[in-house]
Amino acid sequence: MTGSIYAAKPWLPLLSEAQRAPVHPAETLVHAFRASVARTPDHPALAYFDGRLTYRETDELSDSVAGHLAARGLEPGDRVAIMLQNSPQFVLALLGAWKAGATVVPLNPMYKSAEVGHVLHDAQVTALICSDRAWEAYLRDTAAAAPSVRIALTACELDLQTKNDKRVLDFERLPAAADADDLVAVARQGLAAPAGRQPTAAGTALISYTSGTSGTPKGAMNSHGNIMVNAERQRTGHPVPEGAAYFALAPLFHITGMVCQLAACLTNAGTLVLAYRFHPGVVLDAFAEHRPAYTVGPSTAFMALAATPGVTPAHFASFQVISSGGAPLPPALVEKFRAGFGPYIRNGYGLTECTAPCASVPPEREAPVDPVSGTLSVGVPGPDTVVRILDENGAEVPFGEQGEIAVRGPQVVSGYWGLPEATAAAFPDGELRTGDIGFMDREGWLYVVDRKKDMINASGFKVWPREVEDVLYTHPAVREAAVVGVPDAYRGETVRAYVSLRPGASVEPDELGAYCKERLAAYKYPREVEILAELPKTASGKILRRELRSAR
């Protein structure tokens, strides 16, 4: 990068002294967790409705899971797939697998049989840990069809709490399976973790399969070191005191939830508050009960919380930091949320391939909005990260010009599991080519415009969906918006918008089209608008434009 304008890191003056300081993370999260156990053994590590597990209890229970896996024949380096919601069982399975020397493969609980089957085969998974209901419904057969799977544990996520909130825990306990061990029963056996299997920073902690919003999922190999450098940056760069409550708004199987919530919390000896899955009313009740200091989630989650009847500023009064990631954050939402509830939502940007964040808004600052496009900045890189903007030939473009975002730093993974060609294409010389289009201003603020593949070509003019969506979000009736290109005989492609409305709001599609026409160039405004009750999303809250395109 000799002569690079970005390698000079113009963003460093925007960081606080604490953020600029070097970090010295523990070797792995297992090491960091055990240090927290030693400091605060009786402090709650996990809170799940009315259930609590202290650091000592979580350590002992996960030791027993590790001992069981080893006794069943799991070898160091074997893969353990975990397919659970945000529950203590997920954390016990994760720590237990790592203590046994395994690599964890987090799975989206919304996956169907074919999607799980692809991962089990692709990662050559040895052990599967899932809910008892998923095992009985289809995963028993899916696992049987994967020759590598030799160990199965199931969990009833009614365990470790007694509240049984029917809004999310509306299911019954199943009889014990004859062909799978019960995770909580195993955890209570009091087994010791196997000796000599301590993970290392260089070891592969996760094979995280990308969400598949733009193609077949690929397994990014997140090392323990990747996780810990970002977890430690979260801990030292945010004003969250040791022992504070972190609310798990993002799913733990997603890299944002794994690193920014779980890893950061356990490193900081905090209490990780879990509520199974996202339900606005349940989340707000948990905010009121546990008074968390930190959470991170997609913009769609904050839209849903803001639209929930009975929500008040008091629900958010305890937060010291609220971050957003995983889905674009419209500037209008940030201002509406602050006006209605008080907190300023701090934008961030990252990918599975860079182990969650590679840029974020420093706590002492607010993200600027680009005056030309109306795009909210996603923040600035950290002191040990270099973000560059490249043209189609891989050459740097000047500040202010759009190009592909490239990332180099200690959080970038080594590549994709079993895909050397895809790795070579996406990580030339170890630098991640993200496939996202963006630009950086002279101060170092990064702006993400859109995905390369989502660009619309209307009569030869480029239209980035984000720009149109940001305008739609300023309309008082709009709750969610997604813009896609659809075939058009005359223009090649034309702009089509899908929106959902805020509770009690009413607007005609033509009105929304006219609203955009007043605020956008003629080739950008949506010629077609469709109003839906809900927009399709991934479990992490990212709106699926691909599904909307294919629905035509």
Side-chain angles (χ1 to χ4, degrees), residues 9-21 230 233-241 244 246-247 249-250 256 260 264 287 292-303 305-306 313 315-350 356-383 385 387 389 399-400 405 436 438-450 466-467 469-474 541:
K9 301 181 180 178
W11 52 83
L12 288 178
L14 295 169
L15 301 175
S16 68
E17 184 176 346
Q19 290 173 310
R20 287 194 298 270
N230 264 355
R233 282 281 174 213
Q234 288 287 117
R235 188 185 72 82
T236 60
H238 290 95
V240 179
Y246 291 62
F247 185 82
L249 188 61
T256 299
C260 300
F287 287 177
Y294 177 86
T295 196
V296 58
S299 56
T300 48
F302 296 114
M303 294 174 201
L305 292 173
H315 285 103
F316 303 96
S318 63
F319 283 102
Q320 297 181 32
V321 181
I322 293 181
S323 299
S324 181
L329 182 65
L333 172 62
V334 175
E335 292 310 319
K336 286 179 183 176
F337 198 90
R338 176 157 56 179
F341 307 106
Y344 175 79
I345 301 175
R346 301 193 172 278
N347 209 359
Y349 170 67
C358 64
S360 59
V361 178
E364 299 84 1
R365 301 186 184 273
E366 294 188 7
V369 176
D370 176 54
V372 176
S373 65
T375 301
L376 180 71
S377 172
V378 295
V380 298
T385 301
V387 172
I389 311 298
F399 292 120
I405 299 170
D436 288 328
F439 63 94
M440 182 179 284
D441 68 22
R442 290 185 178 277
E443 286 191 296
W445 289 102
L446 178 65
Y447 298 80
V448 179
V449 177
D450 234 311
R466 275 284 305 281
E467 185 176 0
E469 290 164 2
D470 283 348
V471 169
L472 284 165
Y473 276 119
T474 65

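In what follows, every heavy atom counts, from backbone to side chain, and hydrogens, waters and symmetry copies are set aside.
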Taking all heavy atoms of [X] and all of [Y], pick out the closest pair and write down the distance.
X: P381; Y: W11; answer: O-CD1, 3.2 Å
X: C358; Y: T385; answer: O-CG2, 4.1 Å
X: A356; Y: T256; answer: CB-CA, 4.2 Å
X: P241; Y: P239; answer: CD-O, 3.8 Å
X: M440; Y: V387; answer: CE-O, 3.9 Å

Q. For F399 and D441, what are the C-alpha separation, side-chain angles and deciding distance, and is it a side-chain contact (heavy atoms from CB on, under 4.5 Å)?
A. CA-CA 5 Å; F399 292 120; D441 68 22; 5.9 Å; no
Q) If only atom types and distance count, is the side chain of N347 paired as donor or acceptor with the main-chain N or O of G379 below 3.5 Å? A)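 Checked: no pair found.
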Acceptor/donor pairs from residues 365-375 side chains to any protein atom, 3.5 angstrom cut, sequence neighbours excluded:
unit_1: R365; atom_1: NE; unit_2: L14; atom_2: O; d: 2.6
unit_1: R365; atom_1: NH2; unit_2: P13; atom_2: O; d: 3.4
unit_1: E366; atom_1: OE1; unit_2: R338; atom_2: NH1; d: 3.4
unit_1: E366; atom_1: OE1; unit_2: R338; atom_2: NH2; d: 3.3
unit_1: E366; atom_1: OE2; unit_2: R338; atom_2: NH1; d: 2.5
unit_1: D370; atom_1: OD2; unit_2: S373; atom_2: N; d: 2.8
unit_1: D370; atom_1: OD2; unit_2: S373; atom_2: OG; d: 2.7
unit_1: S373; atom_1: OG; unit_2: T375; atom_2: N; d: 3.3
unit_1: S373; atom_1: OG; unit_2: T375; atom_2: OG1; d: 2.9

Q: Output, in order, the C-alpha distance, side-chain angles, deciding distance and verdict of side-chain contact (heavy atoms from CB on, under 4.5 Å) for M303 and S299.
A: CA-CA 6 Å; M303 294 174 201; S299 56; 3.9 Å; yes
Kindly compute the distance separating [atom1] ([X]) from [atom2] ([Y]), expressed to the nearest 0.5 Å.
X: Y294; Y: I322; atom1: OH; atom2: CD1; answer: 10.0 Å
X: Y447; Y: F439; atom1: OH; atom2: CZ; answer: 6.0 Å
X: K336; Y: Y473; atom1: NZ; atom2: OH; answer: 10.0 Å
X: C260; Y: R233; atom1: SG; atom2: CZ; answer: 13.5 Å
X: E364; Y: E17; atom1: CD; atom2: CD; answer: 11.0 Å
X: T295; Y: Y246; atom1: OG1; atom2: OH; answer: 11.5 Å

Q) Between L446 and V380, is a side-chain contact (heavy atoms from CB on, under 4.5 Å) present by the stated rule, with each step listed? A) CA-CA 6 Å; L446 178 65; V380 298; over 6 Å; no
Q: Could you check F316 against F337 for side-chain contact (heavy atoms from CB on, under 4.5 Å), going step by step and ending with a plain yes or no?
A: CA-CA 11 Å; F316 303 96; F337 198 90; 3.6 Å; yes
Kindly indicate whether the side chain of [X], heavy atoms from C-beta on, has any atom under 4.5 Å from the side chain of [Y].
X: Q19; Y: P362; answer: yes
X: P363; Y: S16; answer: no
X: S324; Y: F302; answer: yes

**Q.** From L329, V296, V361, L249, residue fulfilling side chain to side chain contact (heavy atoms under 4.5 Å, CB included) relative to S323
**A.**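 Filter result, single survivor: V296.
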Q | F341/H315 aromatic ring centres below 6.0 Å | A |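 No, ring centres 6.0 Å or more apart.
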Q: Please confirm whether F287 and F247 have ring centers closer than 6.0 angstrom.
A: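 Yes; F247 has its ring centre under 6.0 Å from that of F287.
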